[in-house]
Q: 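Okay, handing you the structure first.
Every number for a ligand or one of its atoms is a count from 1 in the order of the listing. The model shown is predicted, which means the values in this text are computed figures rather than measured ones.
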Amino acid sequence: MSDRIFLSAPHMSGNEQKYINHAFETNWIAPLGPNVNAFEEELASYASTHGAAALSSGTAAIHLALDLLGVGKGDTVFCSSLTFIASANPIVYLGAEPVFIDSEPETWNMSPVALENAFRDAEAVGELPKAIVIVNLYGQSAKMDELIDICDRYGVPVVEDAAESLGSTYKGRKSGTFGKFGVYSFNGNKIITTSGGGMLVSNDTDELKRARFLATQARDQAKHYQHSLVGYNYRMSNILAGVGRAQLEVLDQRVEAKRIVFDRYVEGLGDIEGLEFMPELEGTMSNRWLSVMTLDPERIKITPYELIDALEAENIEARPVWKPLHMQPVFEGQKFYPHAEYAVSEQLFATGVCLPSGTAMTIEEQQKVINLVRSILTKSKVELTK
Ligand SMILES: *Cc1c(COP(=O)(O)O)cnc(C)c1O
């Protein structure tokens, strides 16, 4: 296992223990505590939002955001299709229906064309969605100006799923700060991690207060345990918040390191005919959480799965691009709005490969990946299956 090259392994800074020790010394072994409060303040300051609420996961943050926006039974929520299922599951937890929106080719994120079409149809039947979940895939910001413009025109609030794009910017502003709510994740494979955790950010501090209330079982102010509402157990633990504080200190370094990893792939593989790397929209800066490329089947004989299997045989972890949610068995029959006559997300799924992108990966390890990918892609199919 030790010489395995992972897709995106956790990378500790060395300072985590200091904050954890402090939690132990003061016996703050609880959800809530000084690390939680400090982590919220430090992250809000980093993102330049008025506040933040530290939670047990990014999924919990999306769930609370949609709950706060009043999403419930009979409602619909528009959601990016090309994403991890956690973007959409909370819609279903609340008894609402997801409507999936395709990607566009310049960011791989929500297509403004498809979104406009979905809105037009919804308006025609008098059933506007209750909220929109916009995802920033692999660190790349969606076309926020265009998308927010459309959502504002219809008066529907946005939840920005920035689970993968912490540290990225869009026109100089931090990713995750464009909607009514923004969501970050600190899962083990994300750019910074608390092993598991999430953050809800917003400029509406009243709503954040309400998020913290709902996240602690909606406990009313009283000496006894009193509840007038059904809440959740969604707060972050004070120990994990300590890990998060130390990780946040090195976030910008991690972004830089991820971008260097990406650049090395481009340098080492960019000349291969039919191989293209994920674009970066002008005016945006991606944290390059994962280095992703596509293989043109007309010009490259090897499929993404064959490449991934061949790398696996060398103990290297690579993955396909997210399978679009409108193609998932669990969402069969849900509405989907494509970008054009064809679905961009389906094409990206069919051709995309995520390469190992860990910030602790050595240059030698990355060179090994580059050499292997090059030799595999330039082999013929017959040779590969031998
Ligand atoms: C990781 C991720 C989430 C969920 O975050 P968790 O902390 O794992 O619950 C949500 N959306 C996207 C796009 C993600 O990549």
Q: Please list the nearest protein heavy atom to atom 11 (N) of ligand 1 with its residue and the distance rounded to 0.1 Å.
A: D161 OD2, 2.7 Å
Q: How does A163 reach ligand 1, if at all, at less than 4.0 Å between non-hydrogen atoms: by side chain, backbone, both, or neither?
A: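 Answer for A163: side chain.
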Q: Below the 3.5 angstrom mark, is there an N/O of T59, backbone or side chain, next to an N/O of ligand 1?
A: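 Looking only at distances, the answer is yes, because the N/O contact criterion of under 3.5 Å is met.
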Q: Do me a favour and list the nearest non-hydrogen protein atom to atom 15 (O) of ligand 1 with residue, atom name and distance?
A: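 Of the protein heavy atoms, E164 OE2, 2.6 Å lies nearest.
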Q: Looking at atom 1 (C) of ligand 1, what's its closest protein heavy atom, distance included?
A: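 Result: K190 NZ, 1.5 Å.
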Q: Less than 4.0 Å between a side-chain N and a carboxylate O, is that true for E40 and R235?
A: yes
Q: Assign the ring pair W108 / Y138 to parallel, tilted or perpendicular, where the plane angle (0 to 90°) is split at 30° and 60°.
A: perpendicular
Q: Does the ring center of F336 lie less than 6.0 Å from the ring center of F331?
A: no
Q: List every atom of ligand 1 that sits less than 4.0 Å from any heavy atom of N187, numbering the atoms from 1 in the order shown and giving each element.
A: 8 (O)
Q: So for ligand 1, is F84 a polar contact partner (N or O within less than 3.5 Å, distance only)?
A: no
Q: For ligand 1, which atoms, with element, lie under 4.0 Å from some heavy atom of S57?
A: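 Close to S57: 7 (O), 9 (O).
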Q: Give the numbers and elements of all ligand 1 atoms closer than 4.0 Å to a heavy atom of A86.
A: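 Heavy-atom distances to A86 below 4.0 Å select 3 (C), 4 (C), 10 (C).
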Q: Would you please say whether a donor-acceptor pair under 3.5 Å links the side chains of D67 and Y93?
A: no
Q: Output the list of atoms in ligand 1 that are nearer than 4.0 Å to some heavy atom of S185, sorted by atom number.
A: 1 (C), 5 (O), 6 (P), 7 (O), 8 (O)
Q: Within the 4.5 Å heavy-atom criterion, are T107 and P279 side-chain neighbours or not?
A: no
Q: Does ligand 1 have an atom that lies less than 4.0 angstrom from a heavy atom of G197?
A: yes
Q: Which atoms of ligand 1 sit under 4.0 Å from any heavy atom of S87?
A: 11 (N), 13 (C)
Q: Where does T83 meet ligand 1, judged by heavy-atom distances below 4.0 Å: at the side chain, the backbone, both, or neither?
A: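 It is the side chain that gets close, since no backbone atom is under 4.0 Å.
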Q: Looking only at the aromatic ring of each residue, does the gap between the centers of H326 and F100 stay below 6.0 angstrom?
A: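 No, the ring centres sit 6.0 Å or more apart.
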Q: When I192 is tested against each of V243, V255, L251, T359 for side chain to side chain contact (heavy atoms under 4.5 Å, CB included), which residue passes?
A: L251
Q: Would you please indicate yes or no on a ring centroid separation below 6.0 angstrom for F277 and F262?
A: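 Yes; F277 has its ring centre under 6.0 Å from that of F262.
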Q: Taking atom types as modelled and ignoring hydrogens, do the side chains of N109 and S103 form a donor-acceptor contact shorter than 3.5 angstrom?
A: no
Q: I'd like to know whether ligand 1 has G198 as a neighbour, heavy-atom separation below 4.0 Å.
A: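 The answer is no: ligand 1 sits nowhere under 4.0 Å from a heavy atom of G198.
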